[in-house]
Amino acid sequence: MIKNYIKIAFRNLKNNKVDSSISIGGLAIGIACCLLLITFVRFEWSFDEFHKKGDRIFMVYSSYENSNTGEISKNSPTPYPLASFLESNVPEFEQVIRYRSEGAEVKIENQYILQRNIVQAEPEFLQMFSFPLIKGNPKTALDSPNKIVLTQHKARQIFGTRDVIGKTVTLKGRGKEELFTVTGVLENIPSTSSFDFEYILPFENNLMRMREDMRQNWFVAGSETYVMLNENVDAVEVEKKLQQNLGDAVPEAYRERNTMHLLSLQEMYLSPELSSHSRKSSNPLYSWILACVAFVVLIIAAINFMSLTLSRASRRSGEISIRKVVGAARDDLGVQFIGEAFLICLIAFVLGGVVAELAMPWFSALIDKPLSLNLLNTPVSWAVVFLLLVMATLITGVYPAWVLARQKIVTGLVSRTTSGKTPVVVKGLVVVQFALAITFLSSAYIMYSQMSFISTKDLGFNPENLVDIEMSLTNPEKGAKIFNTYSRQAMQLSGVQSVTSIYGQLGNSSMSTSLVTDSLRTSVNVEIIDEHFIETMQIDLIEGRSFTEERPSDFKNGVLLNREAVEMFGWQNPIEKKIRQSKYKTFLDGKEVIGVVENYHYRPLYYQVKPLIFVHRSVEGYGTVYMRTRIAENRTAKTINKLKSIWQEMDLAQPFNYSFVNNLVDQQYENQQRWKNIIQLASVVAIAIACFGLFGLISLAAQRRIKEIGIRKVFGATVSNIVTLLSKDFLKLVALGFVIAVPIAWYAMHQWLADFAYRIEIRVGVFLIAGGAAFLIALLTVSWQSARAALANPAESLRSE
């Protein structure tokens, strides 16, 4: 019997080539899109799964409430003394380690090259986390200050081989140069690791060891703290203990302001509010959105199949009636039709898998992730794929099987034709298809408009023709001399307008510090600048003065505020006001306000402009300094080459690394651009599948009404009359889908735009454009097929009458 069902299924596919091609093709495209999106979601949710003890590893982070705004802020960096305190006072922790990232120069092929992917960790790091060592002992690889562990990739880059145990690597930073002995080689870090590094130094190394005063300071957060719980310990109870009993060893000011929390390793990657430059992170909202998009695309494709099956039911009415006459039960017919649906879905899944595999390199490049269908090669993923196959079969097969199996015998024996009307259920499915497709189109248009708004919004400074040249600051004095030499020579070039030095690139202020006054208890961002910063950035100075060489006392004693900082302090006349800190006093205490600048967007437009205090570079700082240079318009390439020559003449043994500030601005929105591209892709797929289905339905409608069309033509109906007759009902369905799509798209995009502090207004015109585009595409689809039916010779259709 099963063999007979399979034969009938293939015979029906052969006899209805066009309809079958539309059904299988549309379903295969939908499945391919679904597999691509599910692969991405699987990739996002698989981060850090490879750590064997991952269920016991947690990151310790702090939160505090801004007394001004009531806003809760979360911070992953923790004070240096915290790890020792936890180790001594919390017996539930089996291991406690500190972890931090800091760039340094590494000698590669006799040239010092700045490397940012250097981390420092406690000796237990390689025992807590499952980063496999190809060579070396995880227990001893980091147990003394001048040891270093490299990834396999970095070992080959530096030495040309991975057999490097016992060889030395030279690192330079903070005014020192140190030799480190290679004691371990790691496998390359998996793409699904939150941690992103290629060098590991001991936390207590000789090159980048923090000053003793900072190491004992509870108000300097310079490292992340990770803990591993003892087995069978409840993390919730331990977190409560941390929040209730920090102990007298912790300063009262810190206890009052901060609450400690535990975040599991599995949650870390999908916690963007605790992101760090030394770790990868992602917003889980987008994974859920993509999972829903994948489901919706599959639904649209399945609706196609169901609609076409119901529409061509009249062709099989005779077959069904004869089967019932010879004894076929309704259940048998139902099983037959569901089996046919399963076979078609299986074929579509195989084709969809092939399309997904072929499209994977392109999709990976589109979203900039190293994806592969191998990510689905797990029992859970196979179960999900099988579930999708079953779900697709049920969606496409159950209702059509129920409709066809319950057909009365007399219906198929009396007449092989039905009225020209399209079944109500089919109409409903068409409405759902186009509602979903128009929702995608509207969303894609709104995303495009928001990204265009971002790219053209006034940022409060001019990012065009600004170039950041990167230099590792080995010590403040030497850094100042290098900058002064570079600045003096650069300013002699006709293509250079101004030069300034900064300690933090766009998107990151140089530092943040506590600010506790009689009326304030908050954290504030601090930017370390020089006297040319305002001029080079082209920021408006709205009150007072900037730093100038004519008033050197301002360098040590003065600060600039942005407008938001003035509002934070509540000052009407801020010039010559002094910052007075009441409890924990930082370098800002006693500083006098010498000027106020207009707010500018130093962070992405997801965030409101925050208070910002500017201090002169005479404040000590370590790390990477950027020499920001404004170049005259249309002279970029030549001037860059001349700046490179100046750099090489200075003989710094450092490569000439530069970046354009306008590119840095664009990079802040790479994730959003990625999502925009994905939604645009889903829109194209959704509207294409919907139109495939519409094409098939209009073809079936024309076939059902072929004699009616012939009679109307005999009585004088024109081609336009026939096209209108066949098209109008379907276009009404598209219009109804538009009405349903508008509130859905509005709500979804309202939620998406909520991530942006600065955003567009959603206007009616957006939906009219999206709906108009869908309507036009649908009109072209149905008109073309209707015109073919209208142009047919009526004699052919009426010959049998």
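Being a predicted model, the structure only gives us computed values, none of them experimental.
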Short side-chain to backbone donor-acceptor contact, Arg635 and Ala632, under 3.5 Å: no
Any donor-acceptor N/O pair, Ser452 side chain to Tyr448 backbone, under 3.5 Å: yes
Criterion side-chain contact (heavy atoms from CB on, under 4.5 Å) on Ser271 and Leu263, from CA distance to verdict: CA-CA 9 Å; Ser271 300; Leu263 180 74; 3.8 Å; yes
Asn205 vs Ile148 side-chain heavy atoms within contact, under 4.5 Å: no
Cation-aromatic face contact Arg759/Phe756, 6.0 Å, 45 degrees: no
Within-4.5 Å side-chain heavy-atom neighbours: Leu664 and Ser659: yes
Close side-chain approach of Arg617 and Phe483, heavy atoms under 4.5 Å: yes
Closest contact, heavy atoms only, Ser76 versus Tyr61: CA-CB, 4.1 Å
Side chains of Phe660 and Thr636 in contact at under 4.5 Å (non-hydrogen atoms): yes
Between Tyr602 and Asn562, a side-chain donor and acceptor under 3.5 Å: no
Interatomic distance, Leu171 atom CG to Leu179 atom CG [nearest 0.5 angstrom]: 9.5 Å
Parallel, tilted or perpendicular, as decided by the 30° and 60° cut-offs, for the rings of Phe203 and Tyr80: tilted
Thr151 (side chain) donor-acceptor with Lys154 (main chain) under 3.5 angstrom: yes
Donor-acceptor under 3.5 Å (Asn75 side chain, Ser62 main chain): no
Stepwise side-chain contact (heavy atoms from CB on, under 4.5 Å) check, Glu198 with Gln115: CA-CA 9 Å; Glu198 293 204 89; Gln115 303 281 283; 5.6 Å; no
Salt-bridge criterion met for Arg279 and Glu224 (N-O under 4.0 Å): yes
Trace of the ring pair (Phe, Tyr, Trp, His ring centres under 6.0 Å) decision for Tyr758 with His601: CA-CA 11 Å; Tyr758 304 90; His601 295 280; 4.7 Å; yes
Aromatic ring proximity, centroids under 6.0 angstrom, Phe656 and Tyr658: yes
Any donor-acceptor N/O pair, Arg630 side chain to Asn462 backbone, under 3.5 Å: yes
Non-neighbouring partners of Arg488 that pass salt bridge (charged side-chain N to carboxylate O under 4.0 Å, His left out), sequence neighbours left out: none
Donor-acceptor pair, side chain of Tyr600 and main chain of Val609, under 3.5 angstrom: no
Aromatic plane relationship, Phe614 with Phe533 - under 30° parallel, 30 to 60° tilted, over 60° perpendicular: tilted
Side-chain ion pair, Asp554 and Arg545, N-O less than 4.0 Å: yes
Worked check of salt bridge (Lys or Arg N to Asp or Glu O under 4.0 Å) between Glu598 and Arg563: CA-CA 6 Å; Glu598 187 55 84; Arg563 188 190 290 273; 2.8 Å; yes
Thr500 vs Thr536, side-chain hydrogen bond (donor to acceptor under 3.5 Å, both in side chains): CA-CA, chis, key distance, verdict: CA-CA 7 Å; Thr500 186; Thr536 304; 4.8 Å; no
side-chain contact (heavy atoms from CB on, under 4.5 Å) assessment of Val499 paired with Tyr486: CA-CA 9 Å; Val499 181; Tyr486 167 82; 3.8 Å; yes
Salt-bridge criterion met for Lys107 and Glu177 (N-O under 4.0 Å): no
Salt bridge (charged side-chain N to carboxylate O under 4.0 Å, His left out) against Glu535, all qualifying residues, sequence neighbours excluded: none
Derivation of the side-chain contact (heavy atoms from CB on, under 4.5 Å) call for Phe197 and Ile118: CA-CA 6 Å; Phe197 58 83; Ile118 300 174; over 6 Å; no
Beyond-backbone contact of Phe547 with Ile534, side-chain heavy atoms, under 4.5 angstrom: no
With sequence neighbours excluded, residues passing side chain to side chain donor-acceptor pair (under 3.5 Å) with Glu543: none
Geometric class of the Tyr99/Tyr226 ring pair [parallel <30°, tilted 30-60°, perpendicular >60°]: perpendicular
Polar side-chain atom of Asp468 near backbone of Tyr626 as donor-acceptor pair, under 3.5 Å: no
Exam field: side chain Lys577 to backbone Asn573, donor-acceptor pair closer than 3.5 Å: yes
